[in-house]
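Each residue takes its place number in the sequence, starting with 1. Keep in mind the model is a prediction, meaning the values are calculated, not measured. Every heavy atom of this structure was used, including side-chain atoms; hydrogens, water molecules and symmetry mates were not. Counting starts at 1 for both ligands and their atoms, following the listed order.
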Amino acid sequence: MKKLIKLPIYFDYASTTPIDPEVTQSMIQYLGNSEKFGNSSSRSHQFGWHAEEAIDIARNQVADLIHVNTNEIFFTSGATESNNLAIKGLAYSHNNKKKHIITSSIEHKSVINTCLFLEKKGFNVTYIKPLKNGLIDIKEIKKSIKEDTFLVSIMEVNNEIGVIQDISAIGKICKKNHIYFHVDATQSIGKFTVDLRKKNIDLMSFSAHKFYGPKGVGVLYIRQNLHLIMEPLIHGGGQEKKIRSGTLATHQIVGIGKASEIIQKKKFFSEEKKRLKKFHDILFNKIKNIKNISFNGDLKLNVPSIINICFFDVKKTFFVEILKTLSMSYGSACNSSVKKSHVLKAMGLNEKIVNSSLRFSFGRFTTEEEINYATKFLKKNIVYFYKKN
Ligand SMILES: *Cc1c(COP(=O)(O)O)cnc(C)c1O
């Protein structure tokens with residue numbers, strides 16, 4: 001018998017992922033009123049010790065995931081805060097006299113708008129434009145370095161088009177020029193192995209809700225002792241080694257720890273990667289030959305689970321119709337629904353392409369039946385909406 005498919009189907013994993021039930025289970029214990037509700041900063045009794053122990057375990061799970069030390073992990077409210085803390089924290093560092101930052105024009109808004117803010121405060125920022133395929137030319141970074149450049153901030157996987165930047169190469173350039181390197185790796189975690197032992201990265205941001213954890217918790221990795229010279233955004237009780245104050249949200253942190261542990265299970269991870277690649281190939285191969293369909297972003301240096309599709313010359317109502325059944329997004333969710341994608345624009349694509357593109361993204365709970373359904377649905381509808389033109 002054919003499996004029934006529940007509609008609409010969620011194809012917006014790049015904006016947020018469903019929480020893994022195992023993660024939910026781990027968090028629930030810390031949301032009750034039994035002995036596990038304590039404040040991890042309460043050092044004088046066992047309610048506090050229980051919470052502290054849970055946070056220690058989670059810190060280990062996160063540190064293991066990216067192969068760093070536990071004292072390099074700082075919990076935040078998400079990648080937006082981590083990006084703000086990394087960039088402003090270094091800009092306002094007490095021993096920073098330099099004023100120039102290099103980033104790209106396809107970063108997440110939490111990086112771009114932080115940089116725009118700093119420009120108003122007297123800093124200078126170079127926004128590197130990518131090539132037409134969304135990749136950043138390393139030569140452009142080299143060319144942009146000035147005497148007073150103190151930071152390069154470049155994302156690894158782009159959230160709208162899925163392209164993967166050459167973070168290793170950029171790290172080398174930064175090291176050679178004594179410039180700090182921050183990476184927004186929010187879309188990398190859970191997609192492939194992220195091993196910081198092999199890379200010259202000083203700061204790295206990511207967020208639990210992009211890898212099957214809860215919303216409202218993230219991490220800033222800060223290379224050993226670099227936090228000592230950074231300026232916090234939030235002052236207070238000094239939790240998180242004086243860099244980020246506020247009572248630690250035990251249940252959220254337990255959630256990001258569990259989500260990290262799940263993707264660490266090697267066998268599961270490699271099988272999951274194969275499964276998602278297969279889904280990508282099914283969709284891609286079946287729709288690539290349809291008239292007027294094209295793909296945005298490099299097709300090789302790309303994560304398989306994010307596909308940015310341009311439906312050229314279809315009626316506007318096409319989008320309304322297909323989005324009722326397939327929950328995709330225009331550009332990124334953070335660009336508040338119908339605002340034009342700054343990423344596609346920065347790639348130099350014309351307005352018509354920018355306005356006719358949708359991001360299709362999937363993940364752990366997507367099934368092959370759903371991919372097949374989506375493929376057929378797109379094929380059928382696109383033919384219908386061209387005919388009517
Ligand atoms: C989602 C996302 C963010 C923001 O993360 P939040 O935890 O929602 O603040 C930052 N950068 C990238 C690349 C993202 O995909």
Side-chain angles (χ1 to χ4, degrees), residues 10-19 23 62 66 73-89 103-117 127 130 134-136 152-165 167 170 181-192 194 201 203-221 233-234 244 246 249 252-253 255-257 259-260 297 302-303 305-308 328-337 339 341-344 346-347 359-363:
Y10 189 69
F11 286 119
D12 204 9
Y13 276 69
S15 70
T16 195
T17 57
I19 305 189
V23 172
V62 173
I66 57 171
I73 298 293
F74 294 77
F75 290 115
T76 66
S77 64
T80 297
E81 185 187 331
S82 297
N83 287 341
N84 270 266
L85 177 56
I87 299 168
K88 291 180 200 161
T103 186
S104 84
S105 50
I106 57 166
E107 298 300 305
H108 188 266
K109 285 286 163 99
S110 55
V111 167
I112 292 187
N113 287 341
T114 299
C115 288
L116 289 171
F117 164 80
Y127 302 89
L135 289 169
I136 292 179
V152 171
S153 178
I154 298 286
M155 73 200 317
E156 186 164 31
V157 175
N158 184 276
N159 52 308
E160 292 192 30
I161 49 173
V163 300
I164 309 170
Q165 308 297 345
I167 291 307
I170 302 171
F181 184 30
H182 166 246
V183 176
D184 178 352
T186 310
Q187 296 286 348
S188 315
I189 304 291
K191 307 252 179 28
F192 45 78
V194 175
I201 293 175
L203 305 116
M204 190 174 87
S205 308
F206 52 100
S207 185
H209 77 100
K210 303 291 174 75
F211 63 101
Y212 313 98
K215 292 168 190 59
V217 60
V219 162
L220 181 62
Y221 155 80
L233 299 178
I234 302 172
R244 205 276 187 172
Q252 299 290 77
I253 291 169
I256 196 172
S260 303
N302 208 319
V303 293
S305 54
I306 300 178
I307 308 179
N308 199 298
M328 301 184 266
S329 74
Y330 297 105
S332 76
C334 329
N335 279 340
S336 63
S337 72
K339 253 199 219 147
S341 158
H342 70 281
V343 173
L344 299 183
M347 285 158 64
R359 177 185 66 188
F360 185 94
S361 56
F362 50 90

- Could you check Glu81 against Ile234 for side chain to side chain contact (heavy atoms under 4.5 Å, CB included), going step by step and ending with a plain yes or no? CA-CA 10 Å; Glu81 185 187 331; Ile234 302 172; 3.9 Å; yes

- How many angstroms lie between OG1 in Thr103 and NE2 in His108, if you round to the nearest 0.5 Å?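 Atom-to-atom, Thr103:OG1 and His108:NE2 are 12.5 Å apart.
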
- Item | Shortest heavy-atom approach to atom 4 (C) of ligand 1 - which of Thr80, Val111, Thr76 |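 Nearest heavy atom to atom 4 (C) of ligand 1 lies in Thr80.
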
As an exercise, identify every atom of ligand 1 less than 4.0 angstrom from a heavy atom of [X].
X	result
Gly78	7 (O)
Met155	13 (C)
Ser207	6 (P), 7 (O)

- Message: For His182 and Ser205, which I'm curious about, is there any donor-acceptor pair between the side chains at under 3.5 Å?
- Response: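 Yes, a side-chain donor-acceptor pair sits under 3.5 Å.
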
- Message: Side chains of Glu156 and Ser188: any donor to acceptor distance under 3.5 Å?
- Response: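 Yes, Glu156 and Ser188 have a side-chain donor paired with an acceptor closer than 3.5 Å.
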
Pick one of side chain, backbone, both or neither for how [X] approaches ligand 1, counting any non-hydrogen atom pair under 4.0 Å.
X	answer
Lys215	neither
Asp184	side chain
Ala79	both

- Query: Can you check whether Gln187 has an N/O within less than 3.5 Å of an N/O in ligand 1?
  - Reply: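 N/O-N/O distance below 3.5 Å exists for this pair.
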
- Message: Using a plain distance cutoff, I'd like to know if Lys210 has any nitrogen or oxygen under 3.5 Å from a nitrogen or oxygen of ligand 1.
- Response: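 Right, the criterion is met.
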
- Message: Less than 4.0 Å is my threshold; does some heavy atom of His209 fall inside it relative to ligand 1?
- Response: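 Contact present.
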
- Fit a plane to each ring of Phe360 and Phe11, take the angle between them on a 0 to 90° scale, and name the class: parallel (under 30°), tilted (30 to 60°) or perpendicular (over 60°).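 Correct class here is parallel.
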
- Query: If we only count heavy atoms from C-beta on, is the Gln187 to Asn158 side-chain gap below 4.5 Å?
  - Reply: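 When only atoms from C-beta onward are counted, Asn158 and Gln187 do not touch, as no gap falls below 4.5 Å.
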
- Query: For the side-chain hydrogen bond (donor to acceptor under 3.5 Å, both in side chains) test, which of Asn83, Thr80, Asn84 pairs with Thr114?
  - Reply: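 Checked Asn83, Thr80, Asn84 against Thr114; only one passes side-chain hydrogen bond (donor to acceptor under 3.5 Å, both in side chains): Asn84.
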
